[in-house]
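Here the structure is laid out as structure tokens; the discussion comes afterwards.
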Amino acid sequence: RQNLAALNYHFGSKDGLLEAVYLRRGSLLNHERQVLLEEMERETGGSNVELDDVFRAMLLPAVRWSADHKSGRSTFIRFLFRCYHDSTPGLKKLRLKEAETLRQMILPRLRRALPGVSDSILYWGIQFALGAMHYTIGDLKWTEEVSRGSTDVSSIESITDNLVAFPAGGLRRLVETQAEAGSAERPRSRRSQ
């Protein structure tokens with residue numbers, strides 16, 4: 001147990017403590033993401049960026065951390081999960097800070113993977129990925145229980161493969177839907193003139 005006065009002295013407030021935790025661990029998590037993104041770009045020469053690889057670099061470190069109970073990384077993942085589901089001002093501020101970090105890191109790569117697609121649609125892809133990730137790794141035991149053990153929650157690769165397929169497939173379908181809607185609207189607009 002820590003003395004409340006000592007916590008206030010060092011961090012200023014509960015929100016200050018939460019931000020310190022986020023900054024310490026969140027920067028390490030995002031560093032791992034950045035390393036994976038840079039490795040991907042070196043392998044492809046930076047031009048042929050694949051959508052699945054961008055999402056893999058975004059999601060894999062968090063999946064790994066969720067399984068790392070010895071170093072406390074799984075506790076940080078649960079903390080991030082709470083940030084995404086809590087509306088208190090301090091946690092909301094951390095959630096927005098995380099979103100901005102991921103926007104700067106992921107959005108340029110999504111633009112290269114899907115050239116010509118609007119940022120609005122690409123943001124949906126980031127949202128799909130984050131939502132699936134937080135919901136999945138926030139409580140893997142629930143997934144195991146609900147599936148009555150038929151879903152393998154012990155394999156980091158399997159979890160990551162499924163997590164990557166979901167937002168990548170959803171984003172591809174959203175792009176197709178938008179393209180279909182755009183082409184369907186063009187003839188109508190000509191007729192109406």
Side chain to side chain donor-acceptor pair (under 3.5 Å) with [X]: which residues, sequence neighbours excluded?
X    : result
S74  : H69
S71  : D68
Q104 : E100
W124 : none

Using 0.5 Å steps for rounding, measure from the [atom1] atom of [X] to the [atom2] atom of [Y].
X    : Y    : atom1 : atom2 : result
D53  : L37  : CG    : CG    : 9.5 Å
I156 : L163 : CD1   : CG    : 12.0 Å
I106 : Q34  : CD1   : CD    : 8.5 Å
L114 : I121 : CG    : CD1   : 9.5 Å
L110 : R103 : CG    : CZ    : 12.0 Å
S155 : I159 : OG    : CD1   : 6.5 Å

Hydrophobic cluster membership, L28 vs F76, 4.5 Å side-chain cutoff: yes
Co-membership, hydrophobic cluster, residues F166 and L60, 4.5 Å side-chain: no
Do you know the tightest heavy-atom contact between [X] and [Y]?
X    : Y    : answer
V54  : R109 : CG2-CB, 3.7 Å
P167 : G125 : CB-O, 4.1 Å
A132 : T136 : O-OG1, 2.7 Å
I126 : L107 : CD1-N, 4.3 Å
A57  : L36  : CB-CB, 3.7 Å

Contacts of type salt bridge (Lys or Arg N to Asp or Glu O under 4.0 Å), residue E50, not counting sequence neighbours: none
Which residues pass the side-chain contact (heavy atoms from CB on, under 4.5 Å) test with [X], not counting sequence neighbours?
X    : answer
T151 : T143, S147, V153
R148 : none
A168 : L51, D52, F55, R172
T101 : Y22, N30, M105

Pairs touching residues 126-138 that satisfy salt bridge (charged side-chain N to carboxylate O under 4.0 Å, His left out), sequence neighbours left out: none
Pair listing, salt bridge (charged side-chain N to carboxylate O under 4.0 Å, His left out) test, anchored in residues 56-66, at least two apart: R56-E157, R56-D161
Donor-acceptor contact below 3.5 Å, side chain R33 vs main chain M58: yes
Cluster companions of W142 among Ile, Leu, Val, Met, Phe, Trp, Tyr (side-chain spacing under 4.5 Å): Y135, V146
